[in-house]
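Worksheet: one structure, shown below.
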Number of protein chains: 2
Amino acid sequence: MKALTEIPQAPGRIGRIGRAGRTGRAGRSDTIYEVAQQAGVSIATVSRVMRGTAGVAPDTRERVLRSVSDLRYTPSRSARSLAEGRHAASGIVFPDLSGPYFAEVVLGYEEVAAETGRSVLILTTHGREAARERVLDLAARVDGMVVLGRTVGDDVLAELVSKGLPLVVLARYPVEGADSVNAANEASAYALTTHLARDHGHRSFAFLGDAGASTDTSDRWRGFTQALADCGVPVPSAPVPCPFDEDDGRAAAERLLVDRPPRALVCANDEIALGAITAAEALGLRVPDDLAITGWDDLMAARHSRPGLTTVSQPMRALGALAAHRLHERVAGDRNEPRHEVLPTQLVQRASCGHHPEENR
Amino acid sequence: MKALTEIPQAPGRIGRIGRAGRTGRAGRSDTIYEVAQQAGVSIATVSRVMRGTAGVAPDTRERVLRSVSDLRYTPSRSARSLAEGRHAASGIVFPDLSGPYFAEVVLGYEEVAAETGRSVLILTTHGREAARERVLDLAARVDGMVVLGRTVGDDVLAELVSKGLPLVVLARYPVEGADSVNAANEASAYALTTHLARDHGHRSFAFLGDAGASTDTSDRWRGFTQALADCGVPVPSAPVPCPFDEDDGRAAAERLLVDRPPRALVCANDEIALGAITAAEALGLRVPDDLAITGWDDLMAARHSRPGLTTVSQPMRALGALAAHRLHERVAGDRNEPRHEVLPTQLVQRASCGHHPEENR
DNA sequence: GGGATCTCTGTAAGCGCTTTCATCGGGTCC
DNA sequence: GGACCCGATGAAAGCGCTTACAGAGATCCC
C-alpha cells in the first residue's frame with residue numbers, strides 16, 4: 001500500500017490541505033476524498049468502484065466498499081451530473097387542473113422513468129405566471145421533458161427543441177422535433193356522438209366545454225360535429241364555453257338548460273358532466289329521460305353517480321408510461337425521427353345517455 | 001475595455017484553449033464563457049449579472065444581458081448547484097396508492113415549493129423494491145425532503161436526518177429530528193363514531209381497514225375504539241383487515257356481511273366504503289336502513305355516490321402546503337426545534353350513515 | 001495635491017466528481 | 001533473459017459555475 005501524504009493529488013487543489021481530515025460534524029456529507037483516504041486508494045479507484053467500472057482488484061474493491069459503508073458515503077449528484085454532462089432526471093410539465101387525470105398520467109410516467117433510472121421533476125404552470133421561466137429552469141435540470149396540454153406556448157417548446165432537449169408532448173398537438181402521445185379524442189367523440197344520435201335517436205345536441213382551451217377538447221368537438229353531420233342531425237355552431245371543473249359545469253349547464261335545453265348534452269369531461277347532472281336535477285329535468293348527458297375520462301365518480309355517467313375511458317397511466325418510454329428512447333439516442341402516437345379509448349355506456357333495453361344497467 | 005486574448009483565465013483551464021469559439025452545432029448549450037467572450041467581460045461579471053449581485057455598471061449589465069439573450073444562455077444547473085452547495089430543489093416521497101389523496105397533497109406541496117423557488121422531485125416507492133436506494137439517491141438531489149406514510153422504514157429516515165438533510169414527515173408518526181404534519185385522525189374517528197353510536201343509535205360496529213398499514217389508519221382505529229368504549233358500545237377486538245382500494249373493500253365487505261353483519265361499518269377510506277356499499281347492495285342490504293357505512297377523505301365520488309357517503313374531509317392540499325412551508329423553514333435554517341402539527345378535519349354527513357330527520361339530504 | 005475611499009471588474013481557487021493517460025510490477029513468450 | 005503485454009492504479013485535467021480577493025481608476029476631503 002502506498003503511503004498517504006498530505007500533499008494534494010492535483011496541484012490546483014490547494015484547499016484540500018486544510019480539510020483533509022473528517023470533522024465529524026453531523027450533517028457534513030463525505031466526499032470521495034474521505035473515502036479514498038480511508039481506504040488508502042486514489043479517488044479514481046473509488047469512482048471506479050462506485051460506478052462498477054471494470055478493472056479493480058477484488059480486495060481493493062472490498063476495502064473501498066467497506067469505507068463507503070463506514071462513512072455512509074453517497075456521491076454528490078451535482079458533481080456527478082457536471083462531470084458526466086447529464087442529469088439522470090427528466091421533467092413533466094402540466095397545467096394546474098388538479099383532477100385525477102393528471103395524477104394518473106404522472107404516476108404512469110414516474111413508474112417508467114424510475115425503471116429507466118431517471119428521477120422525475122414535476123412542474124405545474126397554474127395559469128400563466130412565469131411559466132416560460134419555470135420551464136426553462138426545469139429544462140436545465142433534466143435530460144428530457146414531457147409537456148402536457150395547456151402549459152406553455154409552442155414558442156417555448158421550439159426553444160427547448162433548439163437547445164437540443166429531447167421533448168415529448170402529451171395531450172397536445174405535435175411540434176417540430178418532438179414526439180407526441182395522445183388519446184383518440186376525435187374517434188371517441190365520433191363514436192360517442194354516433195351512439196347518442198343513432199342508437200338513442202337524439203336529434204338536438206349541445207357541447208359543453210371550451211374548445212380553445214385544450215387540443216383534447218378541440219378534437220372532441222371536431223369528432224362531435226363530424227358525427228352529427230354524418231347522422232344528419234343539426235350541428236350546433238359552437239361549443240357552449242365552460243371551464244373544467246364541476247362548479248363551472250353546473251353553472252354553465254344551468255344557464256344553457258333554462259335558455260334552450262337540448263335533448264343531449266355532450267360534456268368535455270366528467271366533472272363538467274357531473275355538474276350538469278346536478279344542474280339538470282335542480283331544474284326538474286330527469287336524466288336520461290328528459291336529457292342525456294355524457295362526459296369524458298371515466299373518473300371514479302362517473303361510476304358511482306346517479307344515474308351512472310356514460311363517458312369515455314382514457315388510458316391515463318398508459319399515456320404517461322408511453323410518454324416516458326418515448327422520452328427515454330430520445331434521451332438514449334435510440335431514435336431520431338419523431339413518432340406520433342394515438343392511444344385507443346373506450347366508450348363506457350352507463351345510464352346517463354339513455355335507456356339500453358338490451359343491457360343491464 | 002480590456003483586450004481578450006486566447007490565454008485562459010485560470011492556469012489550470014488548459015482545455016479552454018481548444019474550444020474558445022462557438023461551434024454553432026445545434027443542441028450544444030452555451031456556457032458562461034461564451035457569453036463572457038461575446039460581451040467582452042469576464043465570467044465573474046456574467047455571473048454577477050445573472051444572479052443580480054450588486055455592483056455591475058448599468059451599461060456593462062446591458063451588454064451582458066444582450067449576449068445572454070442572443071445566445072439564449074441558461075446557466076448549467078449542476079455547475080451552479082455544485083458551486084453553491086445547494087440544489088434549490090426538494091423531494092417528496094409517497095407510496096403508490098394512486099387515489100386522489102396523494103395527488104392533492106403533492107399539488108399543494110408543489111405550489112408552495114415553486115413559490116419558494118424550489119423545484120420538486122417526486123418519488124413513489126410502490127411496494128418496497130429498492131426503496132431505500134431510491135430514497136437515498138433522491139436525497140442526494142435535494143436540499144430537503146417530505147416523506148409520506150408507508151414508504152420507507154424509520155431507519156432510513158434516521159439515516160437522512162443524520163446526514164443533516166432537513167426532513168418533514170407527513171401522515172406518519174414523528175421521527176427524531178424531523179418535523180411532522182398530520183390530519184386529526186383520532187379526533188375525527190372519535191367524532192364520526194360517536195355520531196354513529198349516539199346520534200343514530202347504532203350498537204354493533206365493524207372497522208374495515210388494515211390498522212398496521214398506515215399511521216392514519218391506526219389512529220383512526222384508536223379513535224374508533226375509544227369512542228365506542230365511551231358510548232358503552234361493544235368494541236370489536238380488531239379491524240377487519242382490508243387493503244386500500246375499491247375492489248378490496250368490496251371483497252372484504254362481502255365476506256364480512258355474509259358472516260356476521262354489523263349494524264354500522266366504519267371504513268378506513270372512501271374507496272373501501274364505496275366498495276362496501278356495492279357489496280351490501282349486491283347482498284340485498286339497504287344502506288343506510290340495514291347497514292350504515294362511512295368512509296374517509298371525501299373524494300369526489302363520495303358526493304356522487306348513491307346513497308351519498310358520510311365521510312371525513314381532510315385538508316389534503318393544506319397538508320402538502322404546510323409540509324412545504326415547514327421544510328422551507330428548515331432548509332432556510334429559520335428554525336431548529338422540531339414542530340409537530342395536526343390539521344383539523346371535518347365530518348361530512350350524508351345519507352350513508354343513517355337518516356338525519358332534521359337535515360335535508 | 002495626495003492619501004483615503006468607493007465603484008467596478010478581473011483573477012483564480014474551489015465545488016466533487018469522471019475519465020484519459022501514464023506508470024508500475026509482474027507474468028509470458030521464445 | 002530481454003521484449004512484450006496486461007491488469008491495476010494513480011495523477012491530473014476538466015465539467016461550468018460562485019465568490020473571495022485584489023487591483024485599477026475615479027472621487028473625495030482637508
Side-chain angles (χ1 to χ4, degrees), chain A residues 1-5 7-19 28-37 39-61 63-64 73-88 140, chain B residues 1-5 7-19 28-37 39-61 63-64 73-88 140:
Chain A
M1 197 205 295
K2 307 249 181 290
L4 281 171
T5 71
I7 294 174
Q9 296 188 319
R13 193 167 281 286
I14 293 175
R16 281 289 166 200
I17 290 178
R19 64 194 286 291
R28 213 178 79 23
S29 155
D30 293 295
T31 71
I32 201 172
Y33 287 90
E34 277 82 56
V35 177
Q37 181 170 54
V41 299
S42 74
I43 59 165
T45 298
V46 176
S47 176
R48 286 192 268 259
V49 171
M50 293 304 289
R51 329 199 75 233
T53 310
V56 178
D59 58 328
T60 309
R61 167 182 306 273
R63 203 146 29 90
V64 169
Y73 167 67
T74 315
S76 150
R77 197 50 245 190
S78 6
R80 190 173 255 190
S81 295
L82 181 57
E84 286 182 322
R86 63 181 223 119
H87 300 277
Chain B
M1 200 204 293
K2 307 250 178 285
L4 281 172
T5 71
I7 295 174
Q9 296 188 321
R13 194 166 280 288
I14 292 172
R16 281 291 164 199
I17 290 177
R19 67 195 285 291
R28 214 183 73 31
S29 157
D30 294 296
T31 70
I32 200 172
Y33 287 90
E34 277 82 54
V35 176
Q37 181 170 57
V41 298
S42 74
I43 60 165
T45 298
V46 176
S47 175
R48 285 191 269 260
V49 170
M50 291 304 287
R51 328 197 76 232
T53 309
V56 178
D59 58 328
T60 308
R61 164 181 308 272
R63 203 145 29 88
V64 169
Y73 167 68
T74 315
S76 149
R77 195 53 243 190
S78 6
R80 191 174 253 192
S81 295
L82 181 58
E84 287 182 319
R86 59 180 230 123
H87 301 277

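In what follows, chains carry the letters A, B, and so on, assigned in the order in which the sequence lines appear, proteins first and then strands, with residues in each chain numbered from 1. Everything quoted here is computed from the prediction, not taken from an experiment.
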Heavy-atom nearest nucleotide on DNA chain C for E84(A) versus G55(B): which residue maps closer to 5'?
G55(B)

What's the separation between atom CE in M50(A) and atom CZ in R80(A), rounded to the nearest 0.5 Å?
6.0 Å

Minimum-distance nucleotide (side-chain atoms of S47(B) versus dG10(D), dT19(D), dC17(C))
dT19(D)

Taking every non-hydrogen atom, the tightest pair across V56(A) and R61(A):
CG1-N, 3.8 Å

Report the distance from atom CD1 of I43(B) to atom P of dG16(D), rounded to the nearest whole Å.
11 Å

Between CD1 of I32(A) and P of dA12(D) the distance, given in whole Å, is 17 Å

Can you tell me how far CZ of R77(B) sits from OG of S81(A), rounded to the nearest 0.5 angstrom?
11.5 Å

Of the nucleotides dG16(D), dA8(D), dA12(C), which one has an atom closest to the side chain of A44(B)?
dA12(C)

What are the two closest non-hydrogen atoms of R63(B) and G40(B), and how far apart are they?
NH1-O, 4.0 Å

When you measure from the side chain of R48(A) to the backbone N and O of T53(A), does any donor-acceptor pair fall under 3.5 Å?
no

Point-to-point distance, once rounded to the nearest 0.5 Å, from OG of S76(B) to CG of L82(A):
6.0 Å

Residue V56(A), side-chain heavy atoms: nucleotide from dG14(D), dA12(C), dT9(D) that is nearest
dT9(D)

Quick one: which of dG16(C), dG10(C), dT9(D) gets closest to the side chain of T45(A)?
dT9(D)

Do the side-chain N or O atoms of R86(B) get closer than 4.0 angstrom to the phosphate oxygens (OP1, OP2) of dT18(D)?
no

In terms of side-chain heavy atoms of S42(B), which of dT9(D), dG10(C), dC17(C) is nearest?
dG10(C)

Which one, dG16(C), dT19(D), dG10(D), comes nearest to the side chain of R48(A)?
dG10(D)

Return no unless some side-chain N or O of Y33(B) is found under 4.0 Å from OP1 or OP2 of dG14(D).
no

Could you pick out which residue, R61(B) or L82(B), lies toward the 5' side of DNA chain C when each is mapped onto its nearest nucleotide?
R61(B)

Sub-4.5 Å side-chain heavy-atom contact between Y33(A) and V46(A):
no

R51(B) side chain: which of dG16(C), dT19(D), dA8(D) is closest?
dT19(D)

Classify the nucleic acid contact of G85(B) as base, sugar-phosphate or nothing, counting any heavy atom under 4.0 Å across all strands shown.
nothing

OP1 or OP2 of dT18(D) less than 4.0 angstrom from a side-chain nitrogen or oxygen of R80(B), does that happen here?
yes

M50(B) CE - dG16(D) P separation (whole Å)
15 Å

Gap separating the CD atom of Q37(B) from the CD1 atom of I32(B), nearest 0.5 angstrom:
13.0 Å

Terminal axes of the helix from dG1(C)-dC30(D) to dC30(C)-dG1(D) (5 end pairs apiece), angle rounded to 10 degrees, sit apart by 40°

Roughly how many Å is it from CG in D30(B) to C1' in dC15(D), rounded to a whole number?
15 Å

Reckon T60(B) touches a base, only the sugar-phosphate, or nothing at all at heavy-atom distances under 4.0 Å?
sugar-phosphate

